[in-house]
Amino acid sequence: MLGLQTHRAGSSGRFGALLIATVIMAGACSASATPSPAPTATPAAATPSGSEAATAAPSPTIAPATLELWLGGILTTATPGSDARNWVDQQIARFKAAFPGSDVNISLLPSNNDQLAAQVQAALAAHNVPDVMMLYSGSYTLAYQSGLMPLNSYVDATPGFYDSMSLWDLSCQDYDCQGGQGTIYAVPSDAYSFLMYYNKDLLAKAGIAAPPTTYDELYADCTKLDAQGIVPFVYGDQDGYTTVNLLVDNIISYWEPGDVQKFEQGQLKFTDPKWVDALKPILEMRTHNCVNNDASTLEQLHSADLFTSEKGSMFEGQPQFLPYFKSIYDKIGVTKLPRSGNGPLSSGVIGSSGDDWMIPAGAKNPDLAWELIKMFSDETAGNSMISLLGSPPCNIAAQGNIDDVHVKEAFQLIQNATLPEMDIVMSQSTALFLYKHLQLAFAGQETAEQAMAAVQQYVDQQGGKP
Amino acid sequence: MTRPSLSIARSSPRRAEAWWGPLYALPAVLTVVVFIGYPAVSIAYHAFTRWNGYSEPTWIGLTNFQYLLQDPQFFTALRNNFLFAVSVPIQLTVPLVLAFLINERIAGWRFYRWTYFIPAVYSTVVVGLLAKIILNVNGPLNEGLNSLGLQGFAQDWLLRPQTSIPAILLIVVWANFGYNVVMYLAGMSGIEPDLPDAAKIDGAGRWQVLRYVYVPGLRRVMEIVLITNTITAFAYMFTYIYTITNGGPGFDTYVTEFLIYNNAFTFQRMGYASAMGFGLTLIISGLGYFYIRALTGGKE
């Protein structure tokens with residue numbers, strides 16, 4: 001999955017990474033196996049069902065504590081002063097008011113998925129975990145399910161909570177919450193999809209009346225925009241993210257009902273023409289002068305600057321990019337990404353929850369952590385999420401309060417989603433491996449067939465299931 | 001008043017002194033055991049297991065090593081390490097010549113001594129980020145080429161390994177050669193000044209003095225430069241790769257350290273990463289042994 005990702009920093013030294021790894025491994029080995037503490041259900045006050053559930057009165061029996069909060073997913077960008085941080089701070093202020101004497105320490109996880117995964121993995125291995133984490137939903141959360149606390153007891157002890165939220169499935173075991181009866185590992189936070197943002201003024205300047213709906217239309221528009229000195233389609237692919245986002249969207253135009261299940265079972269392989277054909281038109285964007293010249297060495301987040309500065313006319317991204325576009329808010333439009341196939345699902349949209357909240361097994365203050373998650377998930381938090389994060393919230397009551405025109409446009413598309421993003425229903429390691437080969441393919445070093453064959457070979461080595 | 005016997009008076013201090021040595025060494029020994037010994041043993045064990053880092057490891061014998069021998073990413077990374085090892089002869093010779101010129105007190109030698117060492121004090125992260133900016137397709141390097149009318153040479157330097165590997169190699173050479181210059185200067189200061197003076201009186205030219213007086217006297221320093229730079233090429237490249245290309249495009253600029261990190265923490269394959277670490281240790285140890293044998297001719 002894609003991301004509002006930035007980059008890096010690191011350290012080395014002789015065997016630096018290896019040494020750190022082994023020290024952590026040593027810690028993991030020597031530590032006694034600590035079973036996941038069963039959540040001791042907080043005797044939360046009985047609350048009305050539905051939207052009010054998430055604002056359940058705090059239990060007076062919970063002792064004050066300072067919670068460690070790790071922010072991944074969309075909130076890796078919650079640096080002090082940012083809208084994302086303001087949203088987090090608002091909810092924490094409410095939490096502190098409700099639980100006098102308690103506090104929250106915030107740590108931002110790396111926004112690069114490779115690095116984020118490394119940090120979470122190291123923390124779980126060392127049994128040095130926070131009280132609450134936000135991560136991307138789906139496989140990005142469930143990759144760690146053996147290190148996460150099942151939340152069923154908490155959810156069950158909070159009347160109406162389950163029904164107050166939507167888009168649960170990617171936060172549960174096997175991507176199926178079974179109406180609350182499945183094993184719940186996280187609470188969904190926001191709705192997510194890959195959409196196309198376009199600058200109406202720039203398209204008009206090139207004589208383009210409406211954004212392209214097919215790749216052939218896109219190529220034609222690229223010629224017109226390029227002639228005007230406008231970057232047609234802003235692209236940031238250093239991690240393969242723009243390519244994978246376009247791919248998991250375009251694939252909906254090739255797939256048929258039941259293909260997701262076949263894919264999950266390893267019957268529909270990456271080498272299938274449905275995957276390969278969905279990738280080819282994306283790779284051709286480069287030859288049609290559709291993208292910025294540094295597309296392969298620029299990150300998706302940084303590429304958004306080209307769109308914000310009106311050097312580029314189209315941008316692929318999730319709703320959470322909207323706050324970045326404040327300066328051109330009146331000039332932009334939101335629509336589906338172009339499609340190249342015409343399969344039975346091609347008129348649909350992909351979508352799911354984007355991020356979710358979880359409590360790692362071994363967290364020091366799980367009861368209080370649950371109270372914080374409830375606070376982040378309630379209607380009040382959902383309402384401010386719309387304006388500050390640009391995200392349609394998973395809180396159902398807050399969804400009814402969306403008045404921002406672009407968030408509403410995005411939500412209307414997402415709520416009719418027919419498929420989840422495929423890269424978050426495959427294993428995280430497969431997804432990250434896929435990104436590498438998509439990046440190579442877009443850089444012109446592999447064909448679509450070669451890239452997908454390499455990914456399938458990796459999947460086969462892992463046992464055949466993606 | 002009684003006096004202690006002479007034998008007691010002599011033996012007590014000796015017995016006490018016998019403990020001082022081990023006691024002084026204890027912190028260093030503990031550090032080595034905790035931070036090198038234990039991890040090394042742990043790596044050796046986990047190399048034979050399937051382990052994600054937090055579940056119980058499962059013993060799988062040689063499977064990781066069999067997989068390693070068929071892993072194209074490992075060989076790409078190892079190939080890149082060997083390509084970066086091309087920097088070793090450069091690091092061995094260029095700093096030697098520069099140190100010699102500074103030692104000969106050429107005009108502006110103080111300025112050169114100072115400027116050569118500046119890159120060595122920069123954080124490698126800073127060097128990496130600077131390199132990334134400079135090598136960007138819209139960065140200062142291409143802008144400079146364009147302004148000189150050399151548009152044909154401007155390109156996306158980090159897009160393909162054919163250009164990104166040599167570019168990173170040059171960055172690494174630049175970042176490290178000042179340190180090697182200082183090493184050589186330290187070695188040259190230990191050579192008796194009469195020797196080069198005598199050679200000059202006998203008619204030796206500047207390069208002959210370098211070749212026949214300094215180089216033989218700097219053999220030990222050259223050994224150190226050789227070994228440390230070889231280790232750099234194989235085990236110190238992580239930061240440069242992480243900051244400049246993040247291994248990309250795809251796996252093109254991966255080095256073994258980066259691959260180990262990725263497998264251990266991103267792909268949750270700690271056992272396999274341990275096998276790679278084990279293999280890398282053997283390779284570096286083998287190279288080190290080979291170099292030392294070659295330089296010393298097998299003598300102590």
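First the proteins, then the strands, lettered A, B, ... as listed; each starts at 1.
Using a 4.5 Å cut-off between heavy atoms, A/Phe433 touches chain B through backbone and side chain atoms alike. Residue contact with chain B, scored on non-hydrogen atoms closer than 4.5 Å, involves the backbone and the side chain of A/Ala143 alike. Neither the backbone nor the side chain of B/Phe258 comes within less than 4.5 Å of any heavy atom of chain A. Heavy atoms of B/Arg269 lying under 4.5 Å from chain A belong exclusively to its side chain. Contact of A/Tyr458 with chain B is made through the side chain alone, with heavy-atom distances under 4.5 Å.
Of all the listed residues (A/Ser427, A/Ala454, A/Gly444, A/Ser429), the one sharing the greatest number of non-hydrogen pairs under 4.5 Å with chain B is A/Ser429.
Looking at every heavy atom in both residues, A/Ala118 comes nearest to B/Tyr261 through CB-OH, 3.5 Å. Annotation for B/Phe265 and A/Ala122: closest pair CE2-CB, 3.8 Å, computed over non-hydrogen atoms. Closest non-hydrogen pair, B/Gly53 versus A/Ala125, comes out as O-CB, 3.2 Å. Across B/Phe251 and A/Leu440, no two heavy atoms sit closer than the pair N-CD1, 4.2 Å.
With hydrogens and angles ignored, the 3.5 Å screen pairs no side-chain donor or acceptor of A/Gln121 with any backbone N or O of B/Gln268.
Around atom CZ of B/Phe48, more than 12 heavy atoms belonging to other residues, nucleotides or ligands sit under 6.0 Å away. In this structure, A/Arg286 places its CZ atom where more than 12 heavy-atom neighbours from other residues, nucleotides or ligands lie under 6.0 Å away. Atom CZ of B/Phe290 is surrounded by 12 or fewer heavy atoms from other residues, nucleotides or ligands within 6.0 Å.
Expressed to the nearest 0.5 Å, how far CG of B/Asn138 lies from CG of A/Asn292 amounts to 8.5 Å. Between atom CD1 of residue B/Ile244 and atom OG1 of residue A/Thr297 there is a gap of 12.5 Å, rounded to the nearest 0.5 Å.
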| Taking it one step at a time, do B/Asn246 and A/Gln439 satisfy side chain to side chain contact (heavy atoms under 4.5 Å, CB included)? | CA-CA 12 Å; B/Asn246 200 34; A/Gln439 191 193 10; over 6 Å; no
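With 3.5 Å as the limit, one finds a donor-acceptor pair spanning the side chains of A/Gln445 and B/Asp252.
By the side-chain contact (heavy atoms from CB on, under 4.5 Å) test, B/Ala44 is found to be paired with B/Phe278, residues two or more places apart in sequence or in another chain being considered.
At a heavy-atom cut-off of under 4.5 Å, chain A is reached by B/Asp156, B/Leu158, B/Leu159 from residues 141-159 of chain B, listed in order of number.
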